[in-house]
2 protein chains.
Amino acid sequence: MARQRTTSGKIRLTEVAKLAGVSPITASRFFRNPAALSASKRERVESAAKELGYVPDLAARALASQRTEVIGVLIPSLTNNVFSDVLRGIYDASQGSRYSIQFVNTRYSILQEEKLLRLFQAQRPAGLVVTGINQTSESRAVMEAMNCPIVQIMEIGPDPVDMMVGFSHNEAAFAAVSHLIAQNYRRIGFLGARMDPRVQRRLEGYREAMKAASLLDPDLILTTPVPTSVTMGGTLLSDLISRVPDIDAVFCVNDDIALGVLFECQRRQIQVPDDLAIVGFNDLEFMASAVPALTSVRTNRYEMGRNAITMVMAAIEGNRPSTPVVDLGFELMIRRSSLVRRT
Amino acid sequence: MARQRTTSGKIRLTEVAKLAGVSPITASRFFRNPAALSASKRERVESAAKELGYVPDLAARALASQRTEVIGVLIPSLTNNVFSDVLRGIYDASQGSRYSIQFVNTRYSILQEEKLLRLFQAQRPAGLVVTGINQTSESRAVMEAMNCPIVQIMEIGPDPVDMMVGFSHNEAAFAAVSHLIAQNYRRIGFLGARMDPRVQRRLEGYREAMKAASLLDPDLILTTPVPTSVTMGGTLLSDLISRVPDIDAVFCVNDDIALGVLFECQRRQIQVPDDLAIVGFNDLEFMASAVPALTSVRTNRYEMGRNAITMVMAAIEGNRPSTPVVDLGFELMIRRSSLVRRT
DNA sequence: CAATCCATTGGTAGCGCTGTCAATAATCGT
DNA sequence: ACGATTATTGACAGCGCTACCAATGGATTG
């Protein structure tokens, strides 16, 4: 005999169909492809669903259809300001669509990323957003097997898994450092923390710009693997100054470091930019408010998130974008902290 | 006749059971309650699962068991620094458990919150974390009907839906303002933005402290409904000074405002704390680095997230905490920006 | 030694929905 | 007007897993 499961007063599709006077299958179609119904049935199902307060059971739907309406998002950090803007863009773009977003945190570990990717694979997401272009070959294999649209975000590079939205960290850093050189600075330090792949590429851009001007000196480069923070910015500047007392500018891999540098300058009575120019990266909101206002590289983080989801959703619906790789670029926001050097 | 569904090379529980030489039901039990199996079968199923790389189908599991292993988290903002710490705590605590976290964003709207709560209800989450104590009565009804552990975070108050982890914003603000009064400041301004319920309670704490010292003056209170930012801190200070030129201290509802105030002081050559004392709220990392270091109220955001998830998980497993309301308190971090006033 | 108990294990029948195909009604072309 | 094509609708049979109950066998007890 049948077990006596608690059928919980939940309204099922069958109830809606019965009230609407159609078969369950027709009611089901109403939710997936209303255009396939005749106008009269459509209205009947719609009002029946509303009357009963029907909410589809996602698990049953996923099981029967062998797919979900979940877009998985893998990001390396929840703490970093940079990602919160991306997340906001992702959220805003998904808002109002039928897709829901599932965030997971890779903690800057490509092995963790691989693991999470496998987990997603088992859940058949409708689409995927992954951070960066440095996945393990295992991860790549999983992604390629996954048969769903995938967008890599934060940077662009050759050989996309599927689609990409980002910008060139290398070029952005090159532009920032070239600006300092053009402003007549010569001993330009590089301060970096948490040297993730994108930060590495910023360092490369710095190197290229310095080399092109014959100003490259390994002593000017100071990095630490520890996570970034404002305090760390101060520490790094102190360390760099004691090693290279004659620096006249610093390029910081992010704005937290730049703010820490500014505070350290205030503490040491170093005039900015007269004694030391500062350039940051990302153009967080506070950079324009600081005293002096701090030059930074504006990156379109919100748009990155927005575009990524928009592209994934379009691809799920079968409208793959004509250009799978979108370069959102960057903009150098020149402010007083990198004013032309007095000679 | 049967349809020809693409059975996708996926490994099912049946395969595992067959390889292990047990019935599917026994294999199923291995994943849900391994202790119920004899040691020999347990090992056989375990190795079979590993050999085949079996990953359970969550949708099927959810459908059959009428529950999920998802903990839903409703937060008002993804951008706010404060929440990123909470999220991190939530993430860390869920790491390694069988529960997965589903974040949704209420955008500081209790109506949006209500909608999302209904959505969750349809998905039968194993547990829920909601922000704050100001839900609509509809939301409360939904939560009470949901029959799963629920933790309200960020603040504590009377009449919890189920459990609570937080602290008293009122008391924290009271302590901060009392500190300024004790330091001999008298004309203490209040600067607030995005007046969400918790910020309102901080204002209340300010009012109580000022009133107790007979210093309350409505002109000293300046708030704006727009979202908070560093720039807004500067703007608010400017506005307050033009209205009340004799202020000698400001209590800022958060650290971004406080930083903006500091920058504005630097711009206007106002000495901190000699001309103006500054106290912030949350004790973000940069507060200690600023020049001068800025006093703030340290809140245990990471622990809040951690505790919330730990409590939910325990409750799901049937071990409800003995004290359903946890006050994580706060700590006034006194720094140079609120040094005792010279008279 | 029989009656009882507990620990394991298995069988049956769905959970609520949708893919596939078939059936029917409506529309069209010549 | 007739067959052919196209729009709608319905029937059937699962998707992969687990709740419930029953059965088995050995241990325990009076």
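Numbered from 1 within each chain, the chains take letters A, B, ... in sequence-line order.
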Whole angstrom value for the distance that separates [atom2] of [N] from [atom1] of [X]:
| X | N | atom1 | atom2 | answer |
| --- | --- | --- | --- | --- |
| A:Gln123 | D:dC17 | CD | P | 13 Å |
| B:Asn33 | D:dA19 | CG | P | 11 Å |
| A:Arg12 | C:dG14 | CZ | P | 12 Å |
| A:Leu63 | C:dC15 | CG | P | 13 Å |
| A:Arg32 | C:dG16 | CZ | P | 17 Å |
| A:Ile11 | C:dG16 | CD1 | P | 12 Å |
| B:Glu69 | D:dT18 | CD | P | 9 Å |
| A:Arg124 | D:dG16 | CZ | C1' | 10 Å |

**Request:** Decide if atom CG of B:Asp327 counts as having more than 12 heavy atoms of other residues, nucleotides or ligands within a radius under 6.0 Å.
**Result:** yes

**Message:** Tell me whether the count of non-hydrogen atoms from other residues, nucleotides or ligands lying under 6.0 Å of CZ in A:Arg67 goes above 12.
**Reply:** no

[X] side chain near [N] phosphate (N/O to OP1/OP2, under 4.0 Å):
| X | N | answer |
| --- | --- | --- |
| A:Ser65 | C:dT18 | no |
| B:Gln66 | C:dG16 | yes |
| A:Tyr54 | C:dG16 | no |
| A:Thr26 | D:dG10 | yes |

**Message:** Judged by each residue's nearest nucleotide on DNA chain D, which is more toward the 5′ side, B:Ser28 or A:Ile25?
**Reply:** A:Ile25

**Prompt:** Will you find, in the side chains of A:Ser109 and A:Thr106, an N or O donor that is under 3.5 Å from an N or O acceptor?
**Reply:** no

**Message:** Under a 3.5 Å threshold, yes or no: a donor from one side chain and an acceptor from the other, between A:Ser97 and A:Ser94?
**Reply:** no

Using a 4.0 Å heavy-atom cut-off across all strands, classify [X] as base, sugar-phosphate, or nothing.
| X | value |
| --- | --- |
| A:Arg29 | base |
| A:Arg67 | sugar-phosphate |
| B:Phe30 | nothing |
| B:Phe31 | nothing |

**Request:** Would you indicate which nucleotide in C:dG10, D:dC15, D:dC17 comes nearest to any side-chain atom of B:Val22?
**Result:** C:dG10

**Complete:** Closest non-hydrogen atoms of B:Ala17 and B:Ala27, given as atom of the first, atom of the second and distance, are CB-CB, 3.9 Å

**Request:** Return the minimal non-hydrogen interatomic distance between B:Val22 and B:Lys41, and the atom names on each side.
**Result:** CG1-CD, 3.6 Å

**Complete:** Per-helix bend value, the helix from C:dC1-D:dG30 to C:dT30-D:dA1, C1' rotation axes over five pairs per end, 10° rounding, shows 30°

**Asked** Could you give all pairs that pass the ring pair (Phe, Tyr, Trp, His ring centres under 6.0 Å) test and reach residues 57-115 of chain A, with sequence neighbours left out?
**Response** A:Tyr91-A:Phe103

Listing time: all N or O pairs from protein to nucleotides 6-8 of chain D that are below 3.5 Å?
none

**Item:** Side chain B:Glu69, main chain B:Ser100, donor-acceptor under 3.5 Å
**Value:** no

**Minimum side-chain heavy-atom gap A:Gln112-A:Lys115 below 4.5 Å** = yes

